[in-house]
Amino acid sequence: MIEFYTPQKDLGTPESAEHEMVSLYIDGKSVEVKKGTSVMRAAAENGVKIPKLCATDSLESFGSCRMCLVEIEGKRGYPASCTTPVEAGMKVFTQTNKLESLRKNVMELYISDHPLDCLTCPTNGDCELQDTAGEVGLRSVRYGFEGENHLVADKDESNPYFTFDPSKCIVCSRCVRACEETQGTFALTIDGRGFDSKVSFGDADSFMESDCVSCGACVAACPTATLTENSIIDKGKPEHSVITTCAYCGVGCSFQAEMKGNEVIRMTPNKNGQANEGHACVKGRFAFGYATHKDRIINPMIRESIDLPWKQVSWEEATSFAASKLKLIQKNHGVGSIGAISSSRCTNEEVYLVQKMVRMGFGNNNIDTCARVCHSPTGFGLKTTLGESAGTQTFESVSKADVIIVMGANPTEAHPVFGSRLKRRLRQGAKLIVIDPRKIELVNAPHIKAEHHLPVRPGTNVTVLNSMAHVILTENLHSEDYILERCDQNEFNEWVSFISESRHSPEETESQSGVPADELRSAARLYANGGNGAIFYGLGVTEHSQGSTAVMAIANLAMLTGNLGREGVGVNPLRGQNNVQGSCDMGSFPHELPGYRHISIDESREIFETEWGVNLDSEPGLRIPNMFDSAIEGQFKGLYCQGEDIAQSDPNTQHVEMALKSLDCLIVQDIFLNETAKFAHVFLPGASFLEKDGTFTNAERRISRVRQAIPPLSGKADWEATLALANELGCDMSYDHPSEIMDEISRLTPTFNGVSYEKLDELGSIQWPCNETVPEGTPIMHVDTFVKGKGSFALTEYIASEEKANRRFPLLLTTGRILSQYNVGAQTRRTKNVSWHEEDTLEIHPHDAEDRGIRHGDWVGIKSRVGETVLHAKITSKVKPGVVYTTFHHPVSGANVITTDNSDWATNCPEYKVTAVQVSKVSAPSNWQIQQKKFDAKQKDFLSEAKV
Amino acid sequence: MRKLFIPNDTSAVAMGSNLVANRFEELIKNKSLDIQIIRNGSRGMFWLEPLVEFESDFKRFGFQSVDLSEVESILEFICDDSFDAALNKHPKFLGETESIEYFKKQQRLSFFRSGLGDPLCIDHYSSLEGFTGLKKALEMQPQQIVDEVKNSGLRGRGGAAFPTGIKWQTVLDTAHSKKYIVCNADEGDSGTFADRLLMESDPYQLIEGMIIAGLAVNANQGYIYLRSEYPFAHATLNTAISRCYAEGILGQNVLGKKICFELEVRLGAGAYICGEETSLLESLEGKRGLVRSKPPLPAIEGLFGCPTVVNNVLTLGAISTILCKGSDYYKNYGTGRSRGTLPVQLSGNIKRGGLIEIPFGISLREIVEDFGGGTFSGNPVKAIQVGGPLGAFVDRDKWDTPMDYEAFSAINSMIGHGGIVVFDDQINMFDQARFAMEFCAIESCGKCTPCRIGSTRGLEVLDKISSKKDVEDNLILLEELCDTMEHSSLCAMGGMTPFPVKSAVELYKEDFT
């Protein structure tokens, strides 16, 4: 999908939601369009172009520019085609002498207040005003240019990614409307009236001081050079573009990488992208500069010990060095002494290849994925109750929801494009229930107010969910017919007697969860009675000792109220990374083959054994935490870690570092020398998403193509590096293109049977299952029956975490993400996104701060049972008393120095979200931070020596 | 006890009626006279204000333009037991108020109570057929009420003259759990004051009309969007509304029935454009007053996206008459498709300015010459602007055109809200054209380009003409600009600003060259 660069097609007004068709005549030609379509869109859909400036198909029609006037037989005057809906039999004329003169005269007015610097203008050749002036044939401006004007208005260059030049503004309000309708932030407005009308930032003086979240929707919407990406100002117009998929969060936005040769000039959200429909966030839209950051390592490196400098070598030498090390380890310590960790940031094909290499080349099942530490409880919980380890809906489905529960997720920060969709629905009147220890933005945002915020104490999610189910059942608000038809009755009956026990009543659980009983009761009633109920949850549900229990409790609630199997409802995990869903689907778990088939099942194994020509071990392998423990015990000696920074992202850093130091051979494949690579013996340079072909699967099970925009800087895409290593290990694998890997996946995996690159090109994306029965994929799951047949109500007993607050550690620390940064920050810290978040801080409630004599900005030590780190304090009542909060985007913050080894009972997903801590004022960094600084400096020296 | 009536509306107060009232009160107290002062509304004969009246033999007698120095003599005059109207011995004595030609020639349907008594006295209102229409409406089905309004031929008095019954029918037919009645009381046209007079002199009439509208379309919330420049009307309406709540006329049980109607006043923020119904709705929603595109019509998606009746004060005022006396009675007045009466507001350089309620059909000349008595200055009339600041100047050949929506439309003019402003021969019509453009430049909401930029460029072009710069070319440019604004603006603000400009240029070319 490499195309010459042309601006994306704009049909002027949004698509009509109606199905009925209407016939009309446009310039004498009979056309048929959906009822409710604007005359402008009807014309555009049929190849008739009507000049326009304020209309764009991502926004509701506005009718301000008056360029799109038409004549309609039998109608008075010259109606604006953007705001006039079609009517049956209507006769529209888009080009008449009168229209020509009106349009030319309106354009003359525009240009009388516009600089005549087209040739030196940043959007020369990509400007709707310029194009339209050309279309209407404007040749002179009779008003002259000495009248009142805005030509000397000052530029606002405060945003690092784009410039606002009001001298070029035509006051079409597209930016203001995009900020409202598309993004939902309401940062922009028009100030003044008449000729003085101008775009303003509310009370703020500049973009950066305003509420702007730098999503770029305004920039995309601007028809002139008023809002322009700085990269366009610097480099000019792109010449070709490649459609690909964002590599940040699990929303999986489709982008057009706009290129000049091998340089990405701009990332523009793809209007046809089914996950994002033309919207983006500050990360995907602007923060791609890391791909060419000077810290990128593009040569393979090896060393015998982590106390030695690196040596740059060829790919052949590196993979042969790595393979011989691994073979030697296995020879000395047994087949099970090595393993691999795949990455949710890599493509499906790459993850598949890593697990294949482990099973085929390592001869064991020691393959795990970083999804272990985020959404493994989702896989377990949803598979147990519904029969499939995946979210049930499309994102689009939220537009039909009436009551929305957001639990342990912060969509406006971590899944911003979905957050905007959600906000749009809430502005349309859907009700919101937020279950979260923190007052996240959705609790009270412009034109949005949560009906209920249940400020649950960290670690007690299950009690809240159980109480909600208790209320719904005991107040007889459940969907009896649905349960009778769809769910296993024995399991349900057993569950009824469990959940009806009075110990689950909100009055009983209130003291544990901190959620007021009456508030919880009203919330439960709202979810049960309010129409379509949809649940969206995130790591604030999964990353607990009871993560799997909470996921099952969520599924119980949805089944109990009949909220599964149609649009507008469902259970929807918001996946943290771009390919969490995919990496799980691809069998990179120690117990599961691709498609969630247990390794111990002979028939499943045989399918792969036949295809691969090897015998597979039927015993599940090691999970990540087991690998660490086993390494420290001396049994696990070699690890291949692709695209994952376990030293920063996994809990109890001291423990992880000790494990890494115990390894004889650590092979790290990454685009940067990440924290883990500092413990490595082999470094294989990774490729960014811009440098390779493949697919990502987002939180809606949507498989989207990743397309190579630039050649791999290191000469190899990640799948090629894995392939080279596998071949060195003696595996007989040969692929010329990732599409061949996908062909193999679809051959072997029933839910992927119908997937191919060809079909992906044709459909844009595919939501699995996709096979003969559903050749175009499955937007909504469990429509008539559950995947497992009858839905299973699970008994969700709450067993409190071992991690409890006490006198020594009286506060509970919980963690999360912020908008501008992504995960461990390896990418976003290497972009101008640091303008919004230079460091991680500790959020603490004013009462807790007062008790400890802590003032805003003080250095504070945060001490848990396992470690200590130091951050600046940020005093805020977003957190409630007793709870503190931080982000984990900077390595030096050491958020995981304090998190513990506690983990989910079923999946070992770490309990990141609950750590008992004490916070006190300090004056120096923690010991760990001092050590980390030294170690980091030493490793950086080793790296620079390699470069020389 | 004798009754003395001293008007308390904005115009009378501006002419000193409060000072006069205070003096009367003082003297009555000092002399221990048995006289009750009633602060009534105005009868709309503003050139006579302060018009002090007293009642005798159930007749009302007036003194015009009462000055503080005359208070004592008037008191003596009315306390004289040998009073005989026919003797007419006081210099300011007018005789029987309702015999004044200006008043007698009117057909007062909506303003018949105006000036008769204390506007806030519910008993007074009820004694003069007040709430009769509402009581009848409470016994009717919504469709029957809408049918009555349709049959009356009533058209929107705000300016657009859209048939009220059809608008109501649309709202009635649009299914929605919430509907609104919005009264447009943002009376911003220069030279108009009928809305204000009605709100200050007979506020219950408006409230009654709004409740009936609510019954007709199944709406139970009303808002009066009042311009902030009307503080007296604001206070009067608020008192009237709270008294209606206290009397059970508004609230959960209208007149004891299981019918709810809530009403409140919302103040505008000083923008002319908020008199345009869609920007009024935006403003009422708390947003910047910006014109919306139509469709959707407010009747289908109006306030907060709900079906909404937006009617002018006079339109809603007429409703009580229609329900009380029947639609046929109302329809009986008027001519052609313009039925009922039109409250004309006569101002500018005019001898007898004020409100004249007359049936449609009377000519412009009759209004200006017979009612108005010609110019205040005594000089010949040079120009007449009808329909507010966006109305055209009417060609002197067309002054015999009857006041009728269609007849005015036929002469490229409009009746609008019924404002008539008269200019004598001292006026320079270039200044008037410039004023029209400037008004648009100041009051444009800024949404559509022809109005936003066009009005400012229009001013600049006019200034070039006045400074004799390329006059011919600039006159052509002005004409084209007017044409562009007229045909491509989003709303009537930009669309009609060219009317006064173009008519001034056409009719008074000499002022432009």
Side-chain angles (χ1 to χ4, degrees), chain A residues 36 38 53-55 60-69 71 76-80 82-85 87 98-99 101-114 141-144 146-150 170-173 176 180 189-198 428-429 447, chain B residues 269-274 278-279 286-296 304-305 438-461 463-464 469-470 473-474 476-491 493-495:
Chain A
S38 70
L53 286 170
C54 72
E60 292 301 322
S61 62
F62 192 58
S64 78
C65 77
R66 317 311 287 173
M67 295 305 299
C68 73
L69 306 180
E71 290 186 44
R76 248 181 346 139
Y78 306 89
C82 63
T83 55
T84 307
E87 286 166 24
K98 184 69 188 178
L99 291 173
S101 94
L102 286 177
R103 288 173 186 159
K104 196 187 284 191
N105 286 341
V106 173
M107 181 54 80
E108 186 178 7
L109 290 171
Y110 271 120
I111 303 303
S112 74
D113 187 25
H114 196 83
V141 175
R142 291 166 292 174
Y143 301 104
E146 59 279 359
E148 237 189 290
N149 61 62
H150 300 87
I170 59 168
V171 204
C172 64
S173 296
V176 176
E180 294 176 4
T189 185
I190 301 284
D191 199 20
R193 68 183 186 217
F195 196 81
D196 296 332
S197 304
K198 64 173 204 279
Q428 287 167 353
H447 300 278
Chain B
Y272 174 73
I273 197 62
C274 289
T278 62
S279 43
K287 299 176 189 156
R288 197 166 154 261
L290 206 65
V291 176
R292 294 180 187 171
S293 299
K294 286 188 271 193
F304 301 111
E438 189 182 24
F439 185 77
C440 183
I442 293 169
E443 297 295 348
S444 165
C445 79
K447 182 170 176 178
C448 79
T449 311
C451 180
R452 174 172 61 90
I453 304 181
S455 54
T456 292
R457 294 290 171 255
L459 259 186
E460 291 163 5
V461 171
D463 287 344
K464 283 180 196 164
K469 203 173 155 192
D470 304 326
D473 285 350
N474 276 312
I476 293 168
L477 183 55
L478 181 67
E479 195 183 330
E480 269 196 54
L481 173 65
C482 282
D483 183 72
T484 305
M485 288 176 72
E486 182 182 338
H487 292 115
S488 61
S489 292
L490 175 60
C491 80
M493 173 93 229

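Reckoned from all heavy atoms, side chains included, excluding hydrogens, waters and symmetry mates. Here is the naming used below: chain letters follow the sequence lines, and residue numbers restart at 1 for every chain.
- For the set B:S455, B:G454, B:C445, the count of heavy-atom pairs under 4.5 angstrom toward chain A peaks at B:C445.
- Rounding to the nearest 0.5 Å gives a distance of 13.5 Å between OG of B:S489 and OH of A:Y78.
- Under the rule for a salt bridge (Lys or Arg N to Asp or Glu O under 4.0 Å), the partners of B:E486 that lie at least two apart in sequence or sit in another chain are B:K502.
- How far OH of A:Y143 is from CD1 of B:I453: 10.0 Å, rounded to the nearest 0.5 Å.
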Residue pair B:R288, A:T189: steps toward the side-chain hydrogen bond (donor to acceptor under 3.5 Å, both in side chains) verdict
CA-CA 9 Å; B:R288 197 166 154 261; A:T189 185; 5.7 Å; no
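- Interface check for chain A: of the options B:D473, B:L490, B:N474, B:D463, the most heavy-atom pairs under 4.5 Å are formed by B:L490.
- Atom CD in A:E60 sits 11.5 Å away from atom OG in B:S293 (nearest 0.5 Å).
- When each of A:D196, A:T84, A:V106 is scored by its heavy-atom pairs under 4.5 Å with chain B, the top score falls to A:V106.
- To the nearest 0.5 Å, atoms OG1 (B:T449) and CG (A:N105) are separated by 12.5 Å.
- Salt bridge status for B:R457 with A:E108: absent, with no side-chain N to carboxylate O gap under 4.0 Å.
- Listed here is the closest heavy atom pair of B:S488 and A:R66: O-NE, 2.7 Å.
- No salt bridge links B:E480 with A:K104; every basic N to acidic carboxylate O contact stays at or beyond 4.0 Å.
- Under a cut-off of 6.0 angstrom, the local environment of NZ in A:K98 is crowded, with over 12 non-hydrogen atoms contributed by other residues, nucleotides or ligands.
- Ion pairing of A:R193 with B:E443 is present here, as a side-chain N (NZ or NE/NH1/NH2) and a carboxylate O approach within less than 4.0 Å.
- Across A:L69, A:T83, A:D113, A:L53, the residue that shares the most heavy-atom pairs under 4.5 angstrom with chain B is A:T83.
- With sequence neighbours excluded, no residue satisfies salt bridge (Lys or Arg N to Asp or Glu O under 4.0 Å) with B:R452.
- Side chain of B:K447 to backbone of A:S173: no donor-acceptor contact under 3.5 angstrom is found.
- Proximity to chain A is absent for every atom of B:C451, based on heavy atoms less than 4.5 angstrom apart.
- Neither the backbone nor the side chain of B:I273 comes within contact range of chain A; no heavy atoms are under 4.5 Å apart.
- Interatomic distance, OG1 of B:T456 versus CD of A:E148, reported as 5.0 Å (0.5 Å rounding).
- B:M485 places none of its side-chain heavy atoms less than 4.5 Å from the side chain of A:L109.
- How far CD1 of B:I442 is from CZ of A:F195: 14.0 Å, rounded to the nearest 0.5 Å.
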